[in-house]
Amino acid sequence: MPELPEVETIAKSLSASLPGLVIEKVEVLNSQVIAAPGSGEFCRLVAGRKILGLSRRGKYLLMSLSGDLVLAVHLRMTGRLIHTGPGEPLARHTHLIFFLQNGTQLRYADTRRFGRLWLLAPGSLSTHPGIGSLGVEPLSPQFTPAYLAGALAGRRTRLKSLLLDQRVVAGLGNIYADEALHRAGLHPLRPACTLTGEEVEALHAAIREVLREGIAARGTTVRDYTDGRGQAGTFQEKLRVYRRQGQPCPRCGKPIARLVLGGRSSYFCPGCQR
DNA sequence: CGGACAACCTGGTTGC
DNA sequence: TGCAACCAGGTTGTCC
């Protein structure tokens, strides 16, 4: 579900209300979502900690806690973190409830139960199998056309597959990869190593542009996604190709096509993505 | 290396 | 109405 702009929006919305609050206790309704440590240890270690701040790395939400701990959350497809008042009815598929000092609650709900939480020491972020192998942040100064050119060089794989590889660029998912390729005028099946310098520049610019616009629109809500206050995003209104099969391309008018790559849909315009 | 596919899950939509 | 098939924002592992 959530890609970089959605996780960024959740982190920002929770940053407005959570920092400074102490977690009094954790109620585990489904321990499956806690990846590490075991749920007993997890609850024991989290209880009594103060929430210091929220940040994001790739599609991971990071919550720093007092006593040098980090709670890392990956929402996968349908995970949601919502800060609620005590009286709100419990959403279906709520798996964890963090009871906070002021009576409010932070709830983790996840219909498909793919999402996971890890409680980590800050130093062990780099050895975490997912977080430690993440590539560059696409909105950071380190993500340059030269970096992208280096990542594409010698790679026979298709552009779309490469953009979804979190070890290359952290945070792109199916929606924003398709939207970036369309804006850059590049076909999803194009072998990565065949791009010209000009095309690499266009792709670099398109990735940054579409992510910035996604953040400005507070993310894309196709179905389940909401921010930390339960509010939907609006970028779904601005999508040019994703899930628009058969509808006219906003640039050239040709019908948007769909292809399947590695079991996942890719939407593109056969007219302007050669 | 790269690609296809299954697995992990529930639920919404579509088509017969 | 019923039911099966297919689809979904992600990641990981296996097999070829």
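Everything numeric in this text was worked out from a predicted model, so none of it was measured. Below, chain A is the first sequence line, B the second, and so on; all start at residue 1. Quick note: numbers below take in every heavy atom, side chains included, and nothing from hydrogens, waters or symmetry partners.
In this structure, A/F235 has its ring center no closer than 6.0 Å to that of A/Y225. The aromatic ring centroids of A/H182 and A/Y267 lie 6.0 Å or more from each other.
Screening A/T84, A/I82, A/L96 for a side chain to side chain contact (heavy atoms under 4.5 Å, CB included) involving A/Q105 leaves a single residue, A/T84.
Rounded to whole Å, the P atom of B/dC5 lies 13 Å from the corresponding atom of C/dC6. Rounded to a whole angstrom, the distance from the P atom of C/dC7 to that of B/dA4 is 16 Å. Comparing B/dG11 with C/dT11, their P atoms sit 22 Å apart, to the nearest whole Å. B/dC8 and C/dC3 are spaced 26 Å apart, taking the P atom of each and rounding to whole Å.
A/R113 places no side-chain N or O within donor-acceptor distance of the main-chain N or O of A/T78, the cut-off being under 3.5 Å. When atom types are taken as modelled, the side chain of A/E41 and the backbone of A/G38 share no donor-acceptor pair closer than 3.5 angstrom. Side-chain atoms of A/S161 never come within 3.5 Å of backbone atoms of A/T157 as a donor-acceptor pair (strictly under, hydrogens ignored). Distance alone, capped at 3.5 Å, places no donor-acceptor pair between the A/T221 side chain and the A/A232 backbone. Side-chain atoms of A/R274 come within 3.5 Å of backbone atoms of A/P270 as a donor-acceptor pair (strictly under, hydrogens ignored).
Put simply, CG on A/D165 is 10 Å from P on C/dT11, counting in whole angstrom units. Summarising the geometry, the separation between CZ on A/R243 and P on C/dC6 is reported as 17 Å, rounded to the nearest angstrom. The CD-P distance, from A/Q166 to C/dG9, rounds to 14 Å in whole Å. Between A/I131 atom CD1 and C/dG10 atom C1' there is a gap of 15 Å when expressed in whole angstrom units. Atom C1' of nucleotide C/dG10 and atom CG of A/L4 are separated by 14 Å, given to the nearest angstrom. One can place CZ of A/R80 at 17 Å from P of C/dG9, the figure rounded to the nearest angstrom. Spacing between atom CZ of A/R76 and atom C1' of B/dC9 amounts to 12 Å, rounded to whole angstrom units. As rounded to whole Å, 13 Å separates atom P of C/dT12 from atom CG of A/L164.
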Protein within reach of the bases, or only the backbone? For nucleotides 10-16 of chain B, mark each nucleotide 5' to 3' as B, S or -, using heavy atoms under 4.0 Å.
BSS----

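Ranked by how close their nearest DNA chain B nucleotide is to the 5' end, A/G154 and A/F114 are led by A/G154.
A/R92 approaches A/A109 most closely through the heavy-atom pair O-CB, 4.2 Å. The two residues A/F114 and A/R76 come nearest to each other via the heavy atoms O-CG, 3.2 Å.
A/Y242 comes within 4.0 angstrom of the backbone, heavy atoms only, and of no base. At the heavy-atom level, A/Q236 lies nowhere under 4.0 Å from the strands shown.
The existence of a salt bridge linking A/R240 and A/E179 is excluded, since no basic side-chain nitrogen approaches an acidic carboxylate oxygen closer than 4.0 Å. Taking the charged nitrogens against the carboxylate oxygens, A/R56 and A/E137 do have a contact shorter than 4.0 Å, which makes a salt bridge. Under 4.0 Å is where a charged nitrogen must lie from a carboxylate oxygen, and between A/D227 and A/R218 at least one such pair does.
Set against B/dC9, C/dG9, C/dG10, the side chain of A/D224 has C/dG9 as its closest nucleotide.
The side chain of A/R155 contributes no N or O atom lying less than 4.0 Å from OP1 or OP2 of B/dG3. For the OP1/OP2 pair of C/dG10 and a distance below 4.0 Å, the side-chain nitrogens and oxygens of A/K59 include at least one atom meeting the criterion. In this model, the phosphate group of C/dA8 is not approached by any side-chain N or O of A/T78 to a distance below 4.0 Å at OP1 or OP2. For A/Q32 and B/dC8, the shortest distance from a side-chain N or O to OP1 or OP2 is not below 4.0 Å.
Interface residues of residues 258-270 of chain A facing DNA chain C, ordered by number: A/R258, A/R264, A/S265, A/Y267; criterion, heavy-atom separation under 4.0 Å.
Helical stems in DNA chain C, defined as runs of 3 or more consecutive Watson-Crick or G-U wobble pairs with donor-acceptor distances under 3.5 Å: B:2-8 with C:10-16, B:10-16 with C:2-8.
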